[in-house]
Amino acid sequence: MSAQVLRRRRVVRPRTAAVVLSGAVVTAVLGVLALGLGDYPLSPSQVVSVLAGLSDGFERIVVIEWRLPRALAAVVFGAALAVAGGVFQTLTRNPLASPDIVGLANGSFTGMLVALLVLGGGWPLLMSGSLVGGLAAAVVIYVLAYRGGIKGFRFIVVGIGVSAMLSSFNTWMLLRADVETALFASAWGAGTLNTVTAETAYPAAGAALALLAVLPFAAPALRQMDLGDDMARATGVRVDRARAAAIAVAVALVSTVTAVAGPIAFVALAAPQIARRLARAPGIPLAASGTVGAGLLLASDLIAQHVIPLTVPVGAVTVVFGGAYLVWLLVHEARRRP
Amino acid sequence: MTGETAEAGTAAAPSRTPRGRARTPVWVAGGLAALSAAVVLSLLVGANPLPVPALLDALAGGGGDEARFVVGEQRVPRTAAGLAVGAALGTAGALIQAFTRNPLADPGILGVNSGAAFAVAVGMAFFGVSDPSAYVWLACAGALVLTVVVYGVGAAGGPAAGPIRLTVTGVALGAVFAGLTTGLTLTRPDTFERMRGWSAGSLLERGFDVLLPVLPLLAAGLVLAAATAPALNAVALGPDVARAQGVHLGRVRVAVLAAVTLLAGGATAVAGPIAFVGLMVPHVVRWTVGPDQRRILLGTLIASPVLVLLSDVLGRVAVLPSEMPAGVVTAFVGAPVLIALVRRPKASGL
């Protein structure tokens, strides 16, 4: 019986599909806008004709070489973070379990700071520092939270603890650096696309897309694990293996993004929740999370670049809007359910 | 009335004095001894170590000029700040944990600190505030606004909404204000420079001029805390039982929010955001003294300054010749305790 029920659950819900689609459309519109805006403004029709290969010369350079890497990075990174957050939240069955809260971001920042301030390295060193830091934090949290199994609540609290340690260590490292270095590091630490170039954006986006392509193979197992470990085991899911694989993919996604753009906060936390509420789905819809996350990060980057008069890191924008939206949702939910 | 309520609350708790739980005079004496030791250490240890006779001379007004300066201008104010900040943060944590019935509640996790930090950053960036004694009012105002909003949003679903909702709200709003602070400071290097010193949470150079204006606020917060303690025992049994026992929940709520704001805002104003004291100490105290909120508050009041002072002392000598801010040390001491706590077989769930 349960097999039948589960099979029926796998049918794509129309509302979820609509959310995926409208997320993609909004992202595409924002993308055209992002490629057109700047010191040399282009109309949407000009952008589209460049993308269609119908226009050459300076416009092409502006769109393809100047603006595309950043816009593409925003889209892919947003999707990657959101999907990773969705995986974490599904596995722990807790909306708080986001890589931001769970310590990955702080670990990456610690790795980057050590690379920058102690080893004094350039971009390759910073990126590998951030990668190593994030992965090490994830492993430490997993090991500390493991006690004959992983329980959502324990995982989150251990994450909060390790995060707090790392973030205060980061604060202290910044305190010891000179102002210029500390400002640079802080902008990165807030999560920024200002420093993204074609050389860093394309490899990272490629890696993230490859990881995203792996995930559909794990998704059915994830959906059953959303029902609880015992239920999943009863329906034939190898729980520990599926979980380890999914966590590995999610951690790799977050680390890839963080290595290039720094820990961009709140996309991973807010996007899956927004997608779930928009889709009115019982679990977290991963594909919808992806398109919502892409739109969210791209919109935030547009705001960071063009709406705010000073250059702020996109992470400061995502935190404010993602967080504000989450709060609004909480208020709204409370009103609907008196 | 309240006395009866509290008695009933204690009697209804699962067990009165289980095995291994210390009797009140014993742990109060032990706590005070530890506190005195921490105070003495805080006066003695530092970049300029003083032998005990020199310390006594300096305290009595004698001794060399340098010793008098070190003790009178640095160690004594710093120790006083540590005592006040520790007591305030711990009590705020104990209050908010008891009232929200949420073992993870902490002024930091519920976003109060980031509200205070944001208000201070706004003051620095837009109003040119650079005097620590002026941060006080900003920090308190920020803490108050955020506490009220977090509680308002988090409790909007009624008691059924549960502590998770409050925690999510706190984390979300805390992140929003932290993001605003980041945006604000990164665009203004001078504000950034001042904020990064403040935001590590340190007792360095917190003289009496910073501490004295805050003391009345902290005292008022402690009085409020003591006044609400008996009612909190009833609250621990759930809102219905509390109401049946004659506790006016609305009044308790206002008192707790006011006390937390005064205590957390005041402490943050003095030392910057110091994490974990409010989260950790009430837990450890609860293991020792049992579930009675009056004892937990008293125990926390004694134990929290010990933690803050020892962290500060450790920070002075850990990375000589520079200093590690007390806030960094408390996180390094506190996080392992939190993790050990949640790894216990019977860890209290959310």
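- A distance-only check finds no donor-acceptor pair linking the side chain of A:Arg70 to the backbone of A:Val196 [under 3.5 Å].
- Residues meeting the salt bridge (charged side-chain N to carboxylate O under 4.0 Å, His left out) test with B:Arg78, sequence neighbours left out: B:Asp312, B:Glu323.
- A donor-acceptor pair is defined here as one N or O able to donate and one able to accept, closer than 3.5 Å; such a pair exists between the side chain of A:Gln89 and the backbone of A:Leu269.
- Of the atoms belonging to A:Thr171, it is side-chain heavy atoms, and not backbone ones, that fall under 4.5 Å from chain B.
- Here the side chain of A:Thr258 pairs a donor or acceptor atom with the backbone of A:Val254 at under 3.5 angstrom.
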Item to check | Derivation of the side chain to side chain donor-acceptor pair (under 3.5 Å) call for A:Thr110 and A:Asn170 | outcome: CA-CA 6 Å; A:Thr110 306; A:Asn170 294 346; 2.7 Å; yes

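- Looking at B:Gln97, its side chain does come within 3.5 Å of a backbone N or O of B:Leu279 through a donor-acceptor pair.
- Residues of residues 326-335 of chain B that come within less than 4.5 angstrom of chain A, heavy atom to heavy atom, are B:Gly327, B:Val328, B:Ala331, B:Phe332, B:Ala335 in numerical order.
- A donor-acceptor contact shorter than 3.5 Å links the side chain of B:Thr185 to the backbone of B:Thr181.
- Side chain of A:Thr192 to backbone of A:Trp188: no donor-acceptor contact under 3.5 angstrom is found.
- With hydrogens and angles disregarded, a donor-acceptor distance shorter than 3.5 Å links the side chain of B:Ser114 to the backbone of B:Gly174.
- Only the backbone of A:Asp178 comes within less than 4.5 Å of a heavy atom of chain B; no side-chain atom from C-beta onward does.
- Proximity to chain A is limited to the side chain of B:Phe276, based on heavy atoms less than 4.5 angstrom apart.
- With a threshold of 4.5 angstrom between heavy atoms, A:Ala304 does not approach chain B through any atom at all.
- Among B:Leu173, B:Val176, B:Leu184, the residue with the largest count of heavy-atom pairs under 4.5 Å with chain A is B:Val176.
- Ranking A:Leu166, A:Val312, A:Leu183, A:Val317 against chain B, the residue ahead of the rest is A:Leu183, based on heavy-atom pairs under 4.5 Å.
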